[in-house]
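Keep in mind that what you see is a predicted model, and the values were worked out from it rather than measured.
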Amino acid sequence: MYKIAIHSAKIADPDSRERQGIVYLCTMSKKVRVRFAPSPTGGLHLGGVRTVLYNYLFAKKHGGDFIVRIEDTDQSRYVPGAEEYIFDCLRWCGLEPDESVQHGGNVGPYRQSERKALYKKYAQQLIDQGHAYYAFDTPEELEQMREKNKTAENPSPQYDQHLRHKMRNSLTLTEAEVKNLLDQNTPHVIRIKMPEGKTLSFTDLIRGEVSFDTSTVDDKVLLKADGMPTYHLAVVVDDYLMKITHAFRGEEWLPSAPVHLLVWQYLFGWEHMPQWAHFPLILGPTGKLSKRDGAKYGFPVFAMNWKDPKSGELTEGFKEKGFLPEAFVNLLALLGWNEGTEKEVYAIDELINAFSMERVHSSGAKFDYEKAKWFNHEWIKKSSASRLLPFVRNQFEKANLIVADTDQLEKVIDLVKERCTLLSDFVEQSRFFFERPSQIDTASILSKWSPEKEAFFSSLIHYYEQTHQWTAQELEKILKDLALSQSLKVGELMLPLRIMLVGGKFGPGVFDIAALLGQQETLQRLVQAKQLILKGI
RNA sequence: GGCCCGUUCGUCUAAGGGCUAGGACACCACCCUUUCACGGUGGUGAUACGGGUUCGAAUCCCGUACGGGCUACCA
């Protein structure tokens, strides 16, 4: 149980200097409930996953519930498959919701489009209270208003206290006119009536006190002409109905916080309002991270591959790029938060244990792909071969590399994992264990070839044929003894041997390779390569 | 333009009045390694600027500059 202090909003009237601010301190223990509320309009990017993560960590840390609510109130932006995709991403990351469209729960439905009927009542309540009004302006009229009032100093005029009296709404029309328009089902929206000259403030868990002058905020639409709520109404109504105790979202929402504060106050009272926290943005090289940045700078932005059903455009995800979910979660956690120690590699349970909202930064963080790869490398190194196995098999499949022997594959994984930064690196790093190299870099051998070496490898093959101890140690001993007896430098023999076995200058220790390859395969490769060298190819 | 948020090495960050400003990534050098990695050692590199407050400021306050976000019947 997490003790929550509800005292996070105040309103002040500068004229009367009266702080009608109401500071509540609620020490009652209440089950923590947080939500992630994505709009199913496309791929789930880094910032979205990090928002999920921080919500999840906070909930789990305090024994609370993590809820996913689908914000699909904009029907024009509906993208088939996007909702399913979001849950797939969360599953891959291991961040399973406690309640959602897919997980059930008793404060549903968890899809806002299915809650449509609910919102109207609250919008009506605001009208009845005088805190909202009907507006009949058409999109064209709004456009005209913006054009007409646009000046150099004010490039984007707002539907606010200065202009609302010039528009067609229930504040300017007579009661009879409004009734008539309503009776005729004239398309209309419901707008909040922002009060004038009040200072609204609340305590953000990350930023401390944030305040706004209501005179600078416009009359946001709460209920759209199609009867759907906008985010501003839905977020408040649903957070209330779903008993959300802590509302966390990206910093891009901060400017509209005063609207939400007011709706909370009018509809439910601040004593029920969740505690707010606005996470810093994750920035790309040129500002707010976008999938375009990814395409431009060569790194993934989405959690998983996303194919836009309309354009068919495919955007690569971290999963398919070869990231381990543990690493992805780890690197995201550290982008905007740290424990205050020098620890950087965390498993999810360690994150849950160490996480605290107070240590989330208030400044934006630029995403660094190099560091992201480092996290993945660390996780590959520390993961067991059996953990890595399914991921590696998946990569092999994509590369048409079929390996039946699991034991052998696990041995290979252990041998090569320290040189794999991405899971996809396993293919090139271990292919030669299972397939003869298609290319042999004989040029590197030929440049220093000699009759002495020719003789050496002939006898090496002979001795390797004779031995019954096919171990790395034994193979090394045979080679060294032989080199000594023929007065050759070991160093000049290792590279040719390596190239004969793997095709190039890479891979783990050459005797480990030979040991794993087995006697028969090793000998065949040596014989074959030697023939190529003999022919001078 | 207005409003809001922010500002410590190139990047992620530590240090919430008292140190040569610490670590990690990246980069460079060396060691280890008869390949490539891993690992190890060292190096380059930061408190945006100007005023206060204080015996003492990266840290608190104010201003300036810069960066970012928002400014839809999108979320």
Describe the nucleic acid contact of [X] in one word from base, sugar-phosphate, nothing, applying a heavy-atom distance below 4.0 Å.
X: A:D213; result: nothing
X: A:V210; result: sugar-phosphate
X: A:R77; result: base
X: A:H278; result: nothing
X: A:G509; result: base
X: A:L142; result: base
X: A:N338; result: sugar-phosphate
X: A:V221; result: sugar-phosphate
X: A:A225; result: base
X: A:S256; result: nothing
X: A:E342; result: sugar-phosphate
X: A:S156; result: base
X: A:P38; result: nothing

Counting Watson-Crick and G-U wobble pairs only, both distances under 3.5 Å, name the nucleotide matched with [N], or none.
N: B:A72; result: none
N: B:C30; result: B:G40
N: B:G6; result: B:C66
N: B:C60; result: B:G52
N: B:U20; result: none

Between [N] and [X], is there an OP1 or OP2 to side-chain N/O distance shorter than 4.0 Å?
X: A:S211; N: B:C4; result: no
X: A:K381; N: B:G39; result: yes
X: A:K224; N: B:C74; result: yes
X: A:R359; N: B:A15; result: yes
X: A:H361; N: B:A14; result: yes

Positive for ring-ring contact (aromatic ring centres under 6.0 Å, His included) with A:F318, one of A:F328, A:F302, A:F299, A:F375: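 Option passing the ring-ring contact (aromatic ring centres under 6.0 Å, His included) with A:F318: A:F328.
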
Gap between atoms CG and P, on A:D204 and B:C4 respectively (whole Å): 15 Å

Donor-acceptor contacts under 3.5 Å from residues 491-510 of chain A side chains, at least two apart:
unit_1, atom_1, unit_2, atom_2, d
A:R498, NH1, A:F506, O, 2.6
A:R498, NH1, A:G507, O, 3.4
A:R498, NH1, A:P508, O, 3.2
A:R498, NH2, A:P508, O, 2.9

Output a table of donor-acceptor pairs, distance under 3.5 Å, between side-chain atoms of residues 36-45 of chain A and any protein atom two or more places apart or on a different chain; print 'none' if there are none.
unit_1, atom_1, unit_2, atom_2, d
A:S39, OG, A:E71, O, 3.4
A:T41, OG1, A:S39, O, 3.4
A:H45, ND1, A:G47, N, 3.1

5' precedence on RNA chain B between A:L289 and A:L335 (nearest-nucleotide basis):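 Taking each residue's closest nucleotide, the earlier one in sequence belongs to A:L335.
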
Residue mapping more 5' on RNA chain B - nearest nucleotide basis, A:V510 or A:K220: A:V510

Straight-line distance of A:W276 CH2 to A:D239 CG, nearest 0.5 Å: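 One gets 5.5 Å once the value is rounded to the nearest 0.5 Å.
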
Exceeds 12 heavy-atom contacts within 6.0 angstrom, atom NZ of A:K381: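 Yes.
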
Any donor-acceptor N/O pair, A:K220 side chain to A:L222 backbone, under 3.5 Å: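 Answer holds: no.
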
Interatomic distance at C1', B:C19 relative to B:C62, whole Å: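 Per the computed distance, 28 Å lies between those C1' atoms.
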
